[in-house]
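Because the structure is a prediction, the values reported are computed rather than measured. Below, all heavy atoms of this structure are taken into account, side chains as well, without hydrogens, waters or symmetry copies. Each chain gets a letter, A, B and so on, in the order its sequence line appears, and its residues count up from 1.
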Amino acid sequence: MNDLRLFERAQAVDETKISAKGVNVHYGAAHALKDVSVEIGDRRVTAFIGPSGCGKSTFLRCLNRMNDTIPSARVTGRIELDGQDIYDPRVDPVQLRAKVGMVFQKPNPFPKSIYENVAYGPRIHGLARSRADMDAIVEKALRRAALWNEAKDRLNAPGTGLSGGQQQRLCIARAVATEPEVLLMDEPCSALDPIATAQVEELIDELRQNYSVVIVTHSMQQAARVSQRTAFFHLGHLVEYGETGQIFTNPRDPRTESYISGRIG
Amino acid sequence: MPAGWLLLLVLLIAALGYGLGRRRALVSAGGNIRVLHSLPAAYGWNVAMAVLIPSLLVLALWSFAAPRVIGAMVVPLLGAGEGEVSLLMGDVRRVAEGLVRLGVDVSTVAPEGLRERLGEVGIALGQDVSPATLAAAARYDVLAARSDWLMTVLVLAIALGAAAWTIRRTTSALRARNEVERGVLGLLVAAALVAIATTVGIVLALISNTIKFFGLYPATDFFFGTTWSPSFGGGSELGILPLVWGTLYISAISLLVAVPLGLLSAIYLSEYASPRVRAWAKPMLEVLAGIPSIVYGLFALLTVGPALLVVFGDGGLGIMQGGTAVITAGLVMGIMLIPFVSSLSDDIINAVPQAIRDGSLGLGATPSETIRQVVIPAALPGIMGAILLAASRAIGETMIVVLGAGAAARLSLNPFDAMTTITAKIVSQLTGDSDFNSPEALVAFALGMTLFVVTLALNVLALWIVRRYREQYE
């Protein structure tokens with residue numbers, strides 16, 4: 001938080017990757033997300049902040065249709081990825097999720113070896129033609145997740161045997177191995193210690209070179225450190241959305257100001 | 001005094017003790033409950049437990065030991081050899097009981113005509129009462145009366161003594177709650193020990209009879225013999241191998257039926273079924289587990305066997321001689337085991353964390369890819385445990401094989417042949433009139449011991465696997 005002049009960060013590209021208009025989500029009778037409209041830019045990091053239960057994770061899960069797996073969830077409104085409506089009946093959620101990867105709050109490695117964890121996505125999508133191809137994909141993904149040096153000698157060891165921070169980086173490696181266009185991260189550092197958090201944040205900044213990254217976080221410092229744009233959710237409403245520097249130094253909405261200054265939340 | 005009255009009296013003393021202990025505690029506190037260390041009821045319970053536990057323990061031990069001790073004391077009067085003692089002692093006990101019912105003076109009664117008189121009061125004897133038996137019975141009655149009197153005095157003395165001592169100790173400072181809780185803990189431990197002691201007792205009974213059997217029949221012939229032909233006239237061949245083969249063959253067929261069906265239905269129920277279907281289908285499936293195995297046996301005998309005979313019997317392919325066969329028992333047992341496999345596997349699949357499924361779905365895997373490549377491998381150790389439990393159940397199953405598999409002990413590869421299992425042969429060796437000291441009857445214990453060891457090993461293996469699996473996710 002030593003540098004809050006974040007709005008001066010260079011914005012290399014500024015085109016919209018995901019555009020959401022009037023999104024509402026109901027879980028049974030509960031109205032979890034109320035009329036949210038957001039434009040998420042390509043090759044930049046967008047942070048969703050807000051108190052618990054404000055709908056930020058729900059909105060994140062709309063972006064790759066993970067809410068489909070919850071029987072009581074109902075999503076209305078329009079979400080477009082590169083101009084294509086992702087809730088169109090012709091869109092297969094399975095293909096969508098290959099393009100929009102996800103990293104979860106709790107590290108959830110599969111009960112398989114480290115190698116098989118990373119190779120899982122490329123294998124089900126048929127991305128590798130040979131064993132050598134797969135080796136290369138796994139190595140590249142592990143290098144990008146900053147796990148290669150720690151894991152290269154134990155690729156056949158079970159992924160569940162790694163430490164918490166390593167497990168989360170393994171999950172990130174698993175997500176980037178399928179070469180998604182967008183990476184959704186749901187509080188990826190909430191189970192990690194500060195050192196592992198720093199490593200993951202560094203990684204997020206690198207991933208920005210290739211992907212659009214959306215991160216849900218409870219830590220405002222983290223949002224300020226890693227993101228270019230920040231959206232503040234409160235009680236299911238999108239209260240304010242703008243450049244990260246502007247949100248943290250000069251919020252327009254009094255609720256945003258109360259939250260970032262620690263008066264509510 | 002009869003034991004029932006004595007028990008009632010002890011309970012009465014305990015109830016009185018409860019009231020007195022409670023009152024004494026209150027009085028010593030001057031009516032102020034706050035001064036008491038424990039709640040008033042705890043003082044009462046403390047007295048009641050001090051009365052009940054030792055006196056009931058003595059009552060139980062005495063009732064258990066007295067007949068044996070008295071029996072040993074009258075045996076010399078019979079002047080009988082080793083082998084007859086147990087038979088004669090049965091008579092002695094019945095005559096002694098009859099004399100009490102007749103209400104005659106045991107020192108003057110004569111053996112003549114006693115059998116008829118005893119018959120009138122409901123004591124049936126196989127032969128006339130010999131003077132030696134009568135003398136022993138008379139002595140038995142005298143000793144029993146003395147023992148009864150001693151027991152009554154002792155139990156009442158203990159109950160009253162314990163009550164008096166504990167009530168005397170009762171003051172406001174007595175830590176009654178701690179003592180009561182220690183007593184309750186003791187009761188809990190005792191309850192757990194009963195189950196363990198029973199298991200140990202069963203194993204010991206099996207072992208001692210098995211050792212007796214191996215004293216009469218060579219162990220190598222038993223374990224490696226390929227013929228099973230018991231004849232109570234002597235000269236039996238008691239090789240276990242045909243029975244082991246039959247058991248394993250039938251169990252294998254039943255698992256071939258139960259494992260795929262059970263596993264697939266578990267996958268459907270846990271991963272695909274809507275909550276409504278699941279709420280309806282799972283109990284329906286578990287009803288199968290509640291059907292008594294004799295009913296499955298009837299189903300095998302009356303429905304499945306004849307149905308198979310139509311297809312494979314003389315009218316059809318001609319490879320099946322009768323309705324009772326390995327395949328009949330195996331199929332029906334497989335149906336019986338479906339809920340075992342499916343219910344346990346369903347629980348285990350549900351225990352796989354949703355986060356892992358989300359992780360796989362989030363990478364763009366389809367639900368079926370997720371199940372095949374992530375959920376099932378994660379649940380596999382638990383599923384193996386479920387299958388092993390089903391296997392040990394199959395090996396121990398009796399009624400279905402008695403009714404469905406036939407009775408011929410043979411070593412054959414044809415699943416349409418009648419065969420038999422260890423359990424079915426245990427039944428046939430022990431039913432009917434047989435001398436319990438012949439190898440033909442004792443072999444049942446050796447068979448039971450073998451079965452016990454095999455199923456125990458399977459259960460231990462299954463529990464070990466399931467436990468290892470649990471450690472991974474908690």
*Against chain B, work out which of A/Gln95, A/Lys112, A/Met102 has the most heavy-atom pairs shorter than 4.5 Å and name it.*
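When all of A/Gln95, A/Lys112, A/Met102 are compared, A/Lys112 has the most.
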*Tell me, yes or no, whether the heavy-atom count around A/Lys106 atom NZ, taken from other residues, nucleotides or ligands under 6.0 Å, exceeds 12.*
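Count not over threshold, so no.
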*B/Glu286 atom CD, over 12 foreign heavy atoms within 6.0 Å*: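 For B/Glu286, atom CD is crowded (more than 12 foreign heavy atoms under 6.0 Å).
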_Rounded distance [0.5 Å steps], CD in B/Gln354 versus CZ in A/Phe104_ =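 Going from CD on B/Gln354 over to CZ on A/Phe104, the span is 9.5 Å.
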Please name the pair of heavy atoms, one in [X] and one in [Y], separated by the smallest distance, quoted to 0.1 Å.
| X | Y | answer |
| --- | --- | --- |
| B/Asp358 | A/Met66 | O-CE, 3.5 Å |
| A/His125 | B/Leu363 | NE2-O, 2.8 Å |
| B/Ile356 | A/Phe110 | O-CE2, 3.5 Å |

*So what's closer than 4.5 Å to chain A heavy atoms on B/Gln373: side chain, backbone, both or neither?*
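Both parts, backbone and side chain.
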*Can you tell which part of B/Ser360 gets under 4.5 Å to a heavy atom of chain A, answering side chain, backbone, both or neither?*
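Contact with chain A is through both the backbone and side chain of B/Ser360.
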*Check whether A/Arg65 gets within reach of chain B through its side chain, its backbone, both or neither, counting any heavy atom under 4.5 Å.*
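Neither part; nothing is under 4.5 Å.
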*Given that the side chain runs from C-beta out, which part of A/Val103 has a heavy atom under 4.5 Å from chain B: side chain, backbone, both or neither?*
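For A/Val103, there is no contact with chain B at all, as no heavy atom is under 4.5 Å.
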*Less than 4.5 Å apart, any side-chain heavy atom of B/Val352 and any of A/Pro111?*
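With C-beta onward as the side chain, the pair stays apart.
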